[in-house]
Every structure is written in C-alpha cells, then in structure tokens.
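Before any comments, here is the structure.
All ligand and atom numbering here is 1-based and tracks the order in the structure.
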Amino acid sequence: MSSSYQNTLEFARDLDKTDTLYSFRERFLFPQHEDNDVRYFCGNSLGLQPRSVSYLMQKELDDWGKYGVEGHFRARNPWFSYHHLFSERLAKLVGAHKDEVVATNTLTVNLQLLMTSFYRPNRDRYKIIMEAGAFPSDQYAVETQVRMHGFEPDDAIIEISPRNNAYIIEEDDIIAAIEQAGESLALVMIGGVNYYTGQYFDLERITEAAHKAGAYAGYDLAHAVGNIPLHLHDWTVDFACWCSYKYLNSGPGAVGGIYVHEHHGNDPKFFRLAGWWGNEEKTRFKMEKGFVPQKGAASWQMSNAPVFNMVAHNASLDLFDKAGMQALREKSEQLTGYMEYLLKLINHLPFEIITPAEPSRRGCQLSLLFKERGKEVFEKLSQSGIIADWREPDVIRIAPVPLYNTFEDAYRFYEVLANME
Ligand SMILES: *Cc1c(COP(=O)(O)O)cnc(C)c1O
C-alpha cells in the first residue's frame with residue numbers, strides 16, 4: 001500500500017471520501033482552536049466526548065430525581081442491573097463470552113483485585129514476568145503484590161528489556177524467560193500494548209507459553225481495548241483489565257472493565273475479594289452471612305455500579321458496536337500506515353519512529369523519539385491546533401484514532417513538520 005500513498009492534501013481528502021467510517025467523527029465533540037476543531041491525536045490518553053453523553057446523563061439525573069431510591073428497579077436503565085448493559089458489547093470488543101466481562105471499578109484497582117486472585121505464590125512458585133518500562137501504576141501494583149506476600153521485588157519480578165539499544169521487546173525473549181523461569185513462575189502480567197512505544201505483544205503466544213510453565217497469564221489492556229481486535233477467550237487468557245477513558249471515550253476516571261476466563265469465573269471456590277455486588281443477585285438483598293459469588297467476572301464487583309460514571313461508556317460502546325472492531329482495525333492500519341509514510345518523508349528533523357513498523361505489532365499509535373528539538377516541534381504542533389502527547393524525556397506520541405481521525409488530520413500533522421525550518 002505505502003507505494004501508492006501520496007503526500008498531497010487532495011490525496012488525503014480522497015481517502016477520507018472513500019472512508020466508510022468518516023461520519024462517526026460527527027458524533028464527537030472536538031476542542032476548539034481559533035474557532036476550528038483541533039486535530040486530535042490524543043485518543044490514547046483521553047478519548048473525545050460522544051455528543052450523546054449530555055442527553056444520556058440528563059436522562060439518568062431525571063430518573064434519580066423522579067424515582068429516588070426506587071430507581072434501582074424503576075429507572076429506564078435500572079441501577080440494580082446497570083452493569084449488565086455493557087456485557088454484550090464489551091464481550092465483543094475483547095473476544096469473550098458475556099459472563100466473562102464486567103464494567104466495574106477502575107483500572108489499577110482491578111489489576112490489584114485480579115492479582116489478589118491470580119497471584120497466590122508459594123515458596124517455590126512466586127515469580128512474575130512483566131515488560132520493562134511498563135506503565136508506572138502497573139509496576140507499583142506488581143511491586144506491592146510481591147511485598148504483600150513477603151517477597152522482594154528484585155528477586156520476584158523478572159523484567160524483560162529490549163536488546164541492546166533497541167526500543168522494541170522481542171517476544172522470543174519473553175518466551176525464553178518464561179521457559180527459563182519454569183516452575184518458579186507464578187504469573188505473566190504484561191501491558192497488551194506498551195503505552196510508550198505502542199508495541200503490541202502476541203498475547204496468544206505468551207499465554208500459551210505461560211500455561212506451559214504452569215503459570216497464569218493476565219494483561220493490562222489499557223492501550224489495546226478498542227484499538228486492536230482481541231480474542232481473550234479463545235487465547236485462553238486467564239484475566240485482563242482495562243480503562244475506558246482512552247480509546248473507549250468514556251470520560252476522565254470512567255469505569256474500568258475486567259475479563260476473567262469462565263474456567264475461573266464460574267468456579268465458586270476460586271478466590272476473590274468480595275463485596276455485596278459480586279454476590280448472587282437472587283440473594284444479594286437478603287443481606288445474609290456467607291458470600292456466594294455469582295457466575296463469571298461479575299463476581300469480582302464489590303460495590304454497586306457508579307451509574308453517572310458509566311453513562312459515557314454506554315454511549316461510546318454503542319459507537320464501537322455500530323462501527324465494528326474489524327472495520328475500525330482496517331481503517332486503523334491504513335491511517336497509521338499513511339501517517340508513517342508521511343513522517344518518513346521528513347528528513348530535516350532529528351527523530352525516529354520507535355513503534356514497530358509491522359502492522360501486526362502495533363495499534364494506532366506512533367511514538368516519535370527526538371534526539372533534539374522535540375519540545376519545539378511539540379509546541380509548533382500545539383500552536384497549529386494539533387493536539388499530540390508529550391512524554392518525558394523526548395517522545396511525542398500520536399494516535400490517529402479510526403473512529404474520529406481523518407486522513408486529512410494525518411496530512412495536516414505532516415504539513416506542520418514539513419514546514420518547519
Ligand atoms: C492509563 C493506564 C493506567 C492508568 O490507571 P488508572 O487506574 O486508570 O488511573 C494504568 N496502566 C496502564 C498500562 C495504562 O495505560
């Protein structure tokens with residue numbers, strides 16, 4: 001494809017004309033720059049607001065006002081079963097059965113809760129493999145889990161780094177480390193897409209290797225969900241969690257989501273920290289002693305659903321459902337490919353793209369590492385109405401999101417860089 005791309009505005013606009021997902025951008029609110037929509041490349045950090053959110057939020061407020069406590073059963077979307085609203089659409093997004101997913105809590109909290117279930121070390125089997133340079137919250141979570149069980153992070157955590165001066169981690173190295181750790185390995189916990197480089201890992205292969213070693217495999221999918229088609233059930237992934245405010249456009253601090261393979265989720269003896277919302281629904285309001293977990297991932301819920309924190313999630317999942325993950329992925333590969341093609345034409349600025357070049361090893365993010373002038377480029381972009389993401393010390397991350405970014409957006413980004421001295 002790249003040989004047939006062209007670096008002209010006309011060409012970019014022609015691609016937009018044939019884009020069957022183009023109209024989805026009208027369903028979002030864009031920040032303004034000099035009375036125009038910004039070119040928004042930060043969907044991997046905080047997704048845009050679906051236009052329907054304020055109407056849907058008002059609907060919930062009205063039901064609360066109208067029904068008070070009775071809204072638990074009488075609201076148009078009854079609060080008692082509110083989390084059920086999301087299961088089917090979430091299951092489609094991550095490739096799971098309906099009972100294997102639930103929208104609940106927030107990401108790091110869920111990661112801690114899930115590790116409480118899936119990291120049950122003993123003296124022989126206590127090691128955790130993760131990627132070097134993981135998102136800090138994940139590092140802190142793993143570090144404190146290890147300490148909680150009386151182990152030392154330096155001994156118990158095996159971090160897989162890139163080779164030599166590379167930025168990308170070789171999957172072969174992860175597999176080799178899993179095999180080497182063998183019977184001492186309790187858990188592999190990796191970010192499905194690395195937030196910094198944008199590298200996507202082959203989760204099926206890693207899961208298989210982890211299981212061969214007798215360990216569990218769980219993933220933080222913050223940057224993968226809504227970005228890359230996933231098949232968690234078929235890959236026999238044990239657990240996963242994600243946030244919904246990045247690609248899933250559900251608003252700052254919005255409800256997170258979890259996946260637990262039914263093999264564990266349907267086993268009432270499998271350990272989980274409990275709260276009343278994870279209890280069997282039939283007996284939940286009987287307020288009796290003795291936790292009886294309901295079937296599936298929903299048994300990891302603790303508290304009643306944060307309804308107002310889930311309204312935008314509802315709106316956004318509808319858009320994903322209408323667009324379809326497969327169509328989004330196809331556009332994503334083309335759009336990211338076009339952006340990459342354009343950036344490679346820029347020879348006068350000192351940066352390299354550290355995101356893998358193979359589409360199978362990345363989603364819709366490109367990370368540009370600057371040897372110098374990074375901040376200057378970033379500021380030039382901001383002045384030009386382009387919102388990208390600056391990561392210390394020297395990286396500009398951009399996410400051309402298929403749901404609302406255009407090929408013209410990609411061209412305009414290129415144009416700013418091309419026109420710099
Ligand atoms: C965004 C992100 C987080 C943020 O965690 P919260 O609990 O939602 O604040 C954690 N881990 C990863 C990998 C992320 O990308």
Task: Note, Tyr259 side chain near Glu100 side chain (heavy atom, < 4.5 Å) - done: yes
Open item on the list: Can a side-chain donor-acceptor contact be found between Tyr82 and Glu60 if the only test is distance below 3.5 angstrom?
Closed with: yes
Task: Subset of ligand 1 atoms that lie under 4.0 Å from at least one heavy atom of Thr108 - done: 5 (O), 6 (P), 7 (O)
Task: Lys/Arg-Asp/Glu bridge criterion (N-O < 4.0 Å) met for Arg412, Glu408 - done: yes
Open item on the list: Distance under 4.0 Å to a non-hydrogen atom of His223: what atoms of ligand 1 satisfy this?
Closed with: 15 (O)
- [ ] Just need the protein heavy atom nearest to atom 11 (N) of ligand 1, so name the residue and atom and give the distance.
- [x] Asp138 OD1, 2.7 Å
- [ ] Before signing off on this row, confirm whether Lys246 and ligand 1 have an N or O atom pair separated by under 3.5 Å.
- [x] yes
Open item on the list: As an exercise, identify every atom of ligand 1 less than 4.0 angstrom from a heavy atom of Tyr245.
Closed with: 1 (C), 4 (C), 5 (O), 6 (P), 8 (O), 9 (O)
Open item on the list: If you measure every N or O of Tyr195 against every N or O of ligand 1, does any of those distances drop under 3.5 Å?
Closed with: no
Open item on the list: Please confirm whether the ring centroid of His264 lies under 6.0 Å from the ring centroid of Phe239.
Closed with: no
Open item on the list: Please confirm whether Thr106 approaches ligand 1 to less than 4.0 Å, judged on its heavy atoms.
Closed with: no
Open item on the list: Taking the basic N atoms (NZ, or NE/NH1/NH2) and the acidic carboxylate oxygens, is any pair closer than 4.0 Å for Asp394 and Lys375?
Closed with: no
Task: Arg205 and Glu208 ion-paired at < 4.0 Å - done: no
